Structures are given as C-alpha cells and as structure tokens.
Amino acid sequence: MNSALKALFLTDPRKNFNSYVHKCASLLKNFSDKGLVSGGTLLHGLLFKKGVFSERFIAIKLLIMYLNFRKLPEANQIVKELDGFDLVVRNCLINANVQWGNLGEARKLFDEMPERNEVSWTTLISGLMKHGRVQESMWYFERNPFKNVVSWTAGISGFVRNGFSFHGLKLFVRLLESGVKPNQVTFTSVVSACIETGDFELGMSVVGLIVKTGFEDNVSVCNSLITLCLRMGEFDLARRLFDRMETRDVVSWTAILDMYVELGDLGEARRIFDEMPERNEVSWSAIIARYSQSGDHREALNLFRQMVQLGLKPTISCFSSILSALASLELLRAGRNIHAHVKKIGIEGDVFISSSLVDMYCKCGETEDGRLVFDSIEKKNVVLWNSMVGGYSVNRQMDEAKNLFDHMPTRNNVSWGAIIGGYLEYKQFDKVFEVFNEMLLTGEIPTKPTFSSVLCGCASVASLEKGKDLHGKIVKLGFQNDVFLGTALTDMYAKSGDIASSKQVFDRMPERNEISWTVMIQGLAESGFVEESLALFEEMRRTSSVAPNELMLLSVLFACSHSGLVDKGLQFFEEMERVYGIRPKGRHYTCMVDMLSRSGRLYEAEAFINSLPFQPEANALAALLSGCKTYKNEEIAERTARKLGELAEKSSAGFVLLSNIYASAGRWIDVSNIRKLMREKGLKKSGGCSWVEVRNHVHSFYSEDGTHSESAEIYDILELLRSEMLGS
DNA sequence: GTGCATTAGG
C-alpha cells in the first residue's frame, strides 16, 4: 500500500490528469474500507499538495473516508470546502448515520431533504434493512419513485438477510413483472434466497433465467451458484462449475475449499488453500475455523499465528474460532490476551465474540470470569445464554446453571441439551430424565447430543424401559443411522442387560467408529459373552480399519479373566505392546493380577505386581487380597496388606477388603485397627446405592439412611409389610 | 459511473 502511495507521490498529475485522479480515488477507497487512518491522512496531504484536491469527486471520496473513520472535524472541513450540504453530501451523511446505527438521524436527514434522488431512497431502504427494520424499509420502498434495479435488489437482499427469503422471492417476481431488468447482483441475491428457503427447484429455474440473460459468466453469480450446488449436495456439479469459470476470485476458491472440508477431506482442502492464488481474511478464517471444528486446535493456532504475521487482520469469526480452539486446549493465558485484544479493537460486545469468550473462560474452569463477560453484554442472544448455562453445567455448578436456565427469555433445544448434559455430568440421573421429559412437553425436538446424554443416563441406571422408549423416538426422527446415537444405543442396551438388542443395533449400524467397536466388545465381555467378545475383537481386526485401543484390550483381558482363560489372557497381555503397540497401563496390570488371583495362581500374581514398572493400583493389591481370601493364603495376604498400607492412595476399596479378610479370620483387633487407619486418612467407604423407577421417576437409595425425601414413610410401609408377612 | 444493492467464513 505504501508503494502505491509512493508512486502517486513521485508522479506528476499534469501528465495524465484523469488517470492520476482515478488512481487517487481508488486508493482512498481502499484506505477507507480497510480503516487505514494514517494512510488516508497521508494521501489527503498529498492531494492537497498536488493540487488535485479541488476535484469534486475526490473531495467526496475524502468525505466518505473521514465519515468512515468517524473523524468528524475533518469531515466538516470538507463539507465546508464543498460549499455546504448539497444532495450528494446529504446522501453521504445518511449513509454514514446508517453505518453508525443512528437510524433516527438518518431518517430525519432523509425526510428533511429538499430533493432526493434514487441514491437517497436506496441508501435509506438498504440502511433500514441492514438493521433489521424490514417493515419501515418496505414502507419507504413502496413510496420510492425511482424503482431501479439497485433499489429492487436492496429490497430483495434485505429480506434475505433478515430471514424472510420467501418475501424476497416474491419481490423478485414483482421485479420481473415491473419490466426492470435484473442484473448480476440481483441474481446473486435471488440464488441465495433459493438456498435459504431450500427451494432448489426454483433455484434451477433461476439458473435458466441467468443463462438466458447472459449472466452465467459473472463471477459473483457463479459463486452463489456453486453454493447452491453445495447445499443441494451436488458436489461434482459444484466442482464442474468452478472448473469452467474463466476468472475466479477469492470467494470462488474459498467456496470450493469449504466443499472439501464439508466432504470431510481436510487434506484436499488444505491443498487448495495452499494453492489458492490469493487468500484474504475470509479464506484464512474458513480454514482456521475448520481445523478448530475438526479438533485440530493446534493447527488452527498455527495458522492463526501465520495469518497475523502476514499482517492480515483476523475477522470476528476468526477470533471466535481461535477462542474456541484456546478453550479446548484450555490455554487460559492466551485466551485472556485475545480478550484484551478484542476489547481494544471494540468487538468485545459482538455476539459471536462474547459467547466464545464465555465458553473459553468456562472451559478453563473460570466461570466467574465467564459470568462477567455474560453480564456485560446488553443484547444477549440465545447462543450467549446457552454458553453460560453450558459453562456452569460442565463445571458442575448445577444450581447456577438451573437458575440461569429458568431465567432465560427464550430457550432452544441446545439450552435444554446443556442443562441435561450438566445433570448427566453430575450423575443426577433422576434430574436428567425429569428435565428431558419437561423438554418433550414443551414440544422442543432434542438434538442428537441430547439423546446421547439421556441414553447415557439410561445406561447408568440400567433403565431398559426408558432406553427403549428413546430408541423409538430416535427412529421416528430418522436419527437411527447416526454413529454416535447408534453407539449410545448399543451401550445402553448392553449396560441394561439386553445384550441381544445391543448386538442387533450394532449389527445394523451403517457406519461404526472406534467407540462403537469398543462399546460392543466391552458390552459382550461384561455380560459374560466371552467367546463372542473375543470373536468380535478378531472380526474388527480383520474387517475394519479401526485399530485396537487400550479399552478394547482391557475388555479382552477382562473377558479372559472372567472365564478362566488365563493362558489366553497372558497371551493377549504379552501381545499388547508387541503386536498392537499399546503400552499396558495400571488398569491392565490390575486386570491381570485379578485374573491370576481368581484362578489361584497367587504367587504368579504377586510376582506380577512386583514386576510392575510403576506403583500398582490399590485395586491390584485388593484383587490379590481377594484371591488370598478365596484360597486362604494368609502369608501373601499379610505381605500385600503391608504394601497396601504403604500406598498412600485415596482408595478405600483395599482397606475394606483387608478388613473383611481379617474379619473372616476372626482377627477383630486388626479389623478395628484398619477402621481406625481409614478414619485417620479421611477415607470413607463409598456408599452402595440402588434405585427403582416408579412412574418415570427414578428413586435412589444410598446405604446411609434417610437420603430419600420420603424415607420415613417408606420405612413405615416396610414395617407394615414385614408385620403382615410375619402374621400370615 | 461521486453516493446505494451481492457471493465465501461464524
């Protein structure tokens, strides 16, 4: 940019005056659009020096620029030099007031004009549309004596922008009837209206009209047609359209880039990005957003850094993507930096930015800072509310979450999902079902993640009844082919004891991911279908590209352990690192110790523990102790117990087991010693819990008395039943 | 062709 300025500085305007003036004008517009205040001021000085300043349309460009920069004294100065407020200056002022959001002032200026031209009308009409004042805008539209293409197009695109695409299409029909010829801009708006309404048939007939009127080679029109094809799922057609374009701009490239991302081919998208002849803020934003969405937050950050280094100004959407990447990586400090930056450039109040900020703070566990941002926003939209409710939910601050949820002006299915997900996280399963039922009563359709949460709740309380009901709803909504829901259903049936249905759902899944296989292998193993579990593991290795993971191996070992297939288990364990490349973790060793202990191979189990490269889990020692109890080996029990005592782990299971062993041997002094030790260490036996489902409500009972709100009545009835039974 | 209408990203 500086080089362009330099060139103008060195050229003599008298040589080719017209071309000089036009170069100045386009440079001014550039500075104005990009907000480059210093460049603009510098150019102003240059124009003054070179004597081209008095050129009228240069002065107007300067006025527009200063209005854009909100430099009012400078703007006033120029108005003075232009001999006051004429029609064009008034038009510029109306436009500026529209940009600043002073619609009242804009209208006042318009209404008080001594004369108006077509630009005056269109400026006001489009300005009102820009701010969502559709009705007012149409009021002026109907009274506009200059109905040219531009004002028709302003009306149509205004409708589209405000979500009234159908009205936009109706206006387009009126335009055709009026005899005014639509141009390339009109067609781009109309095509986007068709995309918005999903009326692809109409879209195709508009294509016919475009071809007939000869606008099919226009870049913008072509770009919008590419988007139309993408929305129709016609990816090949989109690509062909792109290929036959003679000139392509950044928008075309970005559109085709996004197509590959949508197809899940991030590699090809990246290749296109690297090969694009020109990249602007939006193309960068697009690829950054997609990396962030697909979970590659590091790469998103890398690209963001590169973009900033190139001197490009990140857009609002770019900041919002990067905040969400930082949120996922829990990089609080960097997040705070971005917060400071967006505050400095004055976009902190933007709905996308503010909800990303809330999300970022909450994902980093700083709900209070999130709340500060939330409270600072005057015009909150539903997304912002959802971010805050969801933020409390993931941090298990359910009282705050529910309180905020209850105060929401409007809720959507995401809001309900956030609160349900929170209760699931908090393991308040009765609340999960309660809120879910409430949601259904309001007529809101649950999203897939919400179904997944509730299914997980069903799996946790083994409520087959509710699970089946959900299954029905999922099928009704046509969600049954979704991988995540299929997996959740498989898990729910397995955990609820209906392994046949679980397998059936799994078999019918059109697509399976790593988790689906894990869940099914685990489900079969834990339900005692050891052979089937091992067979499925083999099948997966044979037929799918999914690699075995830690959890699957754990299930396989578990299956071997619980069916006494000790040697097979030992073989799998040996193969873990060598064949599958998975380093055994504490859980795997524990499983092995359990397996050996169960089959009475206590010395091997003890040797196994001693060979561990790290501290054994308390559970491993507990498993060995349990074996000692079964096979009455006090010698190993004594040694293991000592080890367990040394282990400063916060697990009560081992101590409880130890005390049970002593109890069964009649060594009561040792029992009481252990109880004392547990009290000193602040360990508490984790309470047992059972539950029963009555009329869509899950009642939980814990081993401590009186935790149920109606426990007094329940015990009364129990007493009554007992006396009845004894009496008869 | 002073000034007004559009397409890609969230």
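Excluded from the calculations below are hydrogen atoms, water molecules and symmetry mates; all remaining heavy atoms, backbone and side chain alike, are included. Proteins come first, then strands; the chains are lettered A, B, ... in the order of their sequence lines, and each starts at number 1. Keep in mind the model is a prediction, meaning the values are calculated, not measured.
- Put simply, R161(A) has a side-chain N or O that comes within less than 4.0 Å of OP1 or OP2 on dT6(B).
- Listed nucleotides dG10(B), dT2(B), dT7(B) differ in distance to F352(A); the shortest reach to its side chain belongs to dG10(B).
- Atom P of nucleotide dT2(B) and atom CD1 of I78(A) are separated by 18 Å, given to the nearest angstrom.
- At least one side-chain nitrogen or oxygen of S157(A) sits closer than 4.0 Å to the OP1 or OP2 atom of dT6(B).
- A close approach under 4.0 Å does occur between a side-chain nitrogen or oxygen of Q293(A) and OP1 or OP2 of dG10(B).
- Side-chain atoms of T122(A) and base atoms of dC4(B) include a donor and an acceptor less than 3.5 Å apart.
- Among the protein residues, T315(A) comes within range of the nucleic acid bases, having at least one heavy atom under 4.0 Å from a base atom.
- Within 6.0 Å of atom CD1 in I445(A), 12 or fewer heavy atoms from other residues, nucleotides or ligands are found, so the atom counts as exposed in its surroundings.
- Salt-bridge annotation for R270(A) and E299(A): present, with a side-chain N of the basic residue lying under 4.0 Å from a carboxylate O of the acidic one.
- For the pair K380(A) and F374(A), the cation-pi test (distance below 6.0 Å, angle within 45°) is passed.
- Computed from coordinates, the I156(A) CD1 to dA5(B) C1' distance equals 10 Å when rounded to whole Å.
- R90(A) comes within contact range of no nucleotide atom at all, as no heavy-atom separation falls under 4.0 Å.
- Of the listed nucleotides (dA5(B), dT6(B), dG3(B)), dT6(B) has the atom at the smallest distance from the side chain of S189(A).
- For T254(A) against dG9(B), no side-chain N or O and base N or O form a donor-acceptor pair under 3.5 Å.
- Of all nucleotides listed (dG9(B), dT7(B), dG3(B)), dG3(B) comes nearest to the side chain of C92(A).
- With dT6(B), dG3(B), dC4(B) as the candidates, the nucleotide lying closest to the side chain of V150(A) is dC4(B).
- Counting any heavy atom pair closer than 4.0 Å across all strands shown, T123(A) reaches sugar-phosphate atoms only and no base atom.
- Rounded to an integer number of Å, the gap from CE of M129(A) to P of dT6(B) is 11 Å.
- We find that NZ of K130(A) is positioned 12 Å from C1' of dG3(B), with the value rounded to whole Å.
- In terms of heavy-atom proximity, S32(A) sits nearest to N68(A) at O-ND2, 2.8 Å.
- Counting any heavy atom pair closer than 4.0 Å across all strands shown, I125(A) reaches no nucleic acid atom.
- Between the C1' atom of dT6(B) and the CZ atom of F187(A) lies a distance of 13 Å, rounded to the nearest Å.
- Under the 4.5 Å side-chain criterion, counting only non-hydrogen atoms from C-beta, L323(A) is not in contact with D359(A).
- Comparing dA8(B) with dC4(B), their C1' atoms are spaced 23 Å from each other, to the whole Å.
- The aromatic rings of F215(A) and F187(A) sit tilted relative to each other, their planes meeting at an angle between 30° and 60°.
- Here the C1' atom of nucleotide dT7(B) and the CD atom of E281(A) are 16 Å apart, to the nearest Å.
- Of the listed nucleotides (dA8(B), dA5(B), dT6(B)), dA5(B) has the atom at the smallest distance from the side chain of T153(A).
- Taking atom C1' on both dA5(B) and dG1(B), the two are 15 Å apart, rounded to the nearest angstrom.
- Taking only side-chain atoms of S317(A), from C-beta outward, the nucleotide of dG9(B), dA5(B), dT2(B) with the closest atom is dG9(B).
- Spacing between atom CG of N144(A) and atom P of dG3(B) amounts to 19 Å, rounded to whole angstrom units.
- The nucleotide whose nearest atom lies closest to any side-chain atom of S126(A) is, among dG3(B), dA8(B), dC4(B), dC4(B).
- Between N95(A) and dC4(B) there is a side-chain polar atom (N or O) within less than 4.0 angstrom of OP1 or OP2.
- Salt bridge absent: R248(A) and E275(A) never bring a charged side-chain N and a carboxylate O closer than 4.0 Å.
- The base of dA8(B) does not come close enough to the side chain of D249(A) for any donor and acceptor atom to sit less than 3.5 Å apart.
- Across the protein-nucleic acid pair, I210(A) atom CD1 and dT6(B) atom P stand 16 Å apart, rounded to whole Å.
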